[in-house]
2 protein chains.
Amino acid sequence: MIRVLLADDEQLIRQAIATLLGLEADIAVVAQVGRGDQVAAAVAEHRPDVVVLDVEMPGMDGLTVAESLPGQAMLILTSFGRPGYLRRALAAGVRGFIPKDASADELAGAIRKVHAGGRYLDPEMAASAMMAGESPLTDRERDALALAARGASVTEIAGALHLSEGTVRNYLSSAITKLGAGNRIAAIRTAQDMGWI
Amino acid sequence: MIRVLLADDEQLIRQAIATLLGLEADIAVVAQVGRGDQVAAAVAEHRPDVVVLDVEMPGMDGLTVAESLPGQAMLILTSFGRPGYLRRALAAGVRGFIPKDASADELAGAIRKVHAGGRYLDPEMAASAMMAGESPLTDRERDALALAARGASVTEIAGALHLSEGTVRNYLSSAITKLGAGNRIAAIRTAQDMGWI
DNA sequence: CGTAGGAGATGACGAATGTCATCTCGGTGG
DNA sequence: CCACCGAGATGACATTCGTCATCTCCTACG
């Protein structure tokens, strides 16, 4: 019997997936949590064989959670096929990555693969991640762009990052260039779509 | 028996919710679609009692679908509690509005209410919609801001809207002021969070 | 030791943005 | 008929952005 921990912020989804997985003879959902920052405690308590993580969660996002659980068998389940998500997940030791528009069979199959020590990456997501390559942004460019994405002005970004305003403009400028965008807003959109911020 | 049509783009979610609803004695899921633009045809074919619509769907979003089905009993199911969504839904004659982090019981209850001709609005969402009031933006301001949100420059927006660049700047400026934002990007974020664009 | 390279700062400059006051021109209501 | 109002246009102006070339440290590395 494969013991599964389910982490997803939407109760209906969590409950529904738990029900579906419960129909599989060899899978048992032993715990459910609705926040990223509750996963670690639940893992410690229930010692699941496989942890199924949503990326978008309050408290702590699924990728950060994954990074904090080395050695644990994990599978990421996400709505958004952002290439950057897959990269971060793989870097964190996650062996399964599946979109929410997969079928229940695929999910169950992926859980079994991951439990057996194998990998399961959604083929389409893997392909788009390959196509996209990895983020061309440096850490600083990413930080500056992420703050800009929240509506911060150059002055505010400079304050938050302890940089001069000119430097911030330089970073944003080079991020815009690297992303092939025409302005800050387009750069933000691209970076978000790719999962780079 | 309440005949339900389920429209949601994520197969796993759709399948899972269908399974959950199937456990209810008086509810039967008679059809499922994964795209907004397939809902009308499916409704014509299956004549469901209640249509459950996700807001975020490819092809056509759930709110637009709702507006195109006057008289049909509908229930909106969404991840995002954007106040503007609720308003649009109510204006389109939708009588049920429920977040994806509700429980299956609540969903089933809401479906029964809507089928019986009643209303079910998630209390929390209704409250935040009341707090937020309705969009302060004029149509033009909204259009301009929506295009800006996609990364368009003032020149491009002016072209798309058949306005002069100065007028576009005026609209954007007044949108920024009305939303209490410091710049275009912050205005975009606010408007998106509220479901106003 | 010497030096290449990266992070950050600076200054300059043109282009885009944000803000205002003002003007035009079709309605619309009295 | 006329005053009024709202959508849109215009022009002007101060900022803020986006871009570049250049300069300073600091660090890794041969």
Side-chain angles (χ1 to χ4, degrees), chain A residues 84 87-88 91 132-197, chain B residues 84 87-88 91 132-197:
Chain A
R87 288 191 174 266
R88 263 189 81 188
E134 66 186 299
S135 173
L137 303 178
T138 65
D139 289 353
R140 293 314 223 167
E141 288 162 358
R142 178 175 41 68
D143 294 343
L145 198 59
L147 287 172
R150 296 222 273 278
S153 68
V154 168
T155 308
E156 292 167 327
I157 298 172
L161 261 39
H162 305 293
L163 295 176
S164 79
E165 300 196 6
T167 304
V168 170
R169 282 212 302 281
N170 286 341
Y171 283 139
L172 288 176
S173 174
S174 87
I176 292 168
T177 304
K178 286 179 177 178
L179 298 179
N183 60 48
R184 195 180 294 191
I185 300 176
I188 289 169
R189 285 198 68 80
T190 304
Q192 283 175 339
D193 284 350
M194 301 302 265
W196 290 337
I197 59 176
Chain B
R87 286 188 175 266
R88 263 189 80 189
E134 65 186 302
S135 173
L137 302 178
T138 66
D139 289 352
R140 294 313 225 169
E141 287 163 359
R142 177 176 42 69
D143 294 343
L145 198 58
L147 287 171
R150 297 221 271 280
S153 67
V154 168
T155 309
E156 292 167 327
I157 297 172
L161 261 39
H162 307 292
L163 295 175
S164 79
E165 300 196 7
T167 303
V168 170
R169 281 213 299 283
N170 286 341
Y171 283 140
L172 254 18
S173 173
S174 86
I176 292 169
T177 305
K178 285 179 177 178
L179 298 180
N183 62 46
R184 197 180 291 193
I185 300 176
I188 290 169
R189 285 198 67 81
T190 303
Q192 283 175 338
D193 284 350
M194 301 301 266
W196 291 335
I197 59 175

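Every value quoted in this text rests on a predicted model; they were computed, and no experiment measured them.
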### Task
Grab the CG-P distance between Leu137(B) and dA7(D) for me, whole Å please.
13 Å
### From CA spacing to verdict: side chain to side chain contact (heavy atoms under 4.5 Å, CB included), Ile157(B), Leu172(B)
CA-CA 10 Å; Ile157(B) 297 172; Leu172(B) 254 18; 4.2 Å; yes
As an exercise, state the distance from [atom1] of [X] to [atom2] of [Y], rounded to the nearest 0.5 Å.
{"X": "Arg140(B)", "Y": "Leu163(B)", "atom1": "CZ", "atom2": "CG", "result": "5.0 Å"}
{"X": "Ser174(A)", "Y": "Leu137(A)", "atom1": "OG", "atom2": "CG", "result": "7.5 Å"}
{"X": "Tyr171(B)", "Y": "Asp143(B)", "atom1": "OH", "atom2": "CG", "result": "9.5 Å"}

## Note on the structure
5'-most to 3'-most nt of DNA chain C touching chain B (<4.0 Å, heavy-atom partner on protein side) reads dT17(C) to dC20(C)
To check you understand the geometry: which heavy-atom pair defines the closest contact between [X] and [Y], and what is its length?
{"X": "Ala160(B)", "Y": "Leu147(B)", "result": "CB-CD1, 3.8 Å"}
{"X": "Gly151(B)", "Y": "Arg189(A)", "result": "N-CD, 4.1 Å"}
{"X": "Ala152(A)", "Y": "Arg184(A)", "result": "O-NH1, 4.3 Å"}
{"X": "Ile176(A)", "Y": "Asn183(A)", "result": "CD1-C, 3.9 Å"}

### Task
Specify the residues of residues 155-173 of chain A, ordered by number, for which at least one heavy atom lies under 4.0 angstrom from an atom of DNA chain D.
Arg169(A), Asn170(A), Ser173(A)
### Task
Answer yes or no: does a side-chain N or O of Arg140(B) lie under 4.0 Å from OP1 or OP2 of dG8(D)?
yes
### Task
Ignoring hydrogens and angles, tell me if any N or O in the side chain of Thr177(B) forms a donor-acceptor pair with the backbone of Ser173(B) under 3.5 Å.
yes
### Message
Test side chain to side chain contact (heavy atoms under 4.5 Å, CB included) on Leu145(B) and Leu179(B); report intermediate values, then the result.
### Response
CA-CA 11 Å; Leu145(B) 198 58; Leu179(B) 298 180; 3.9 Å; yes
### Task
Mind grabbing the angle between the end helix axes of the helix from dC1(C)-dG30(D) to dG30(C)-dC1(D)? Five pairs an end, 10° rounding.
20°
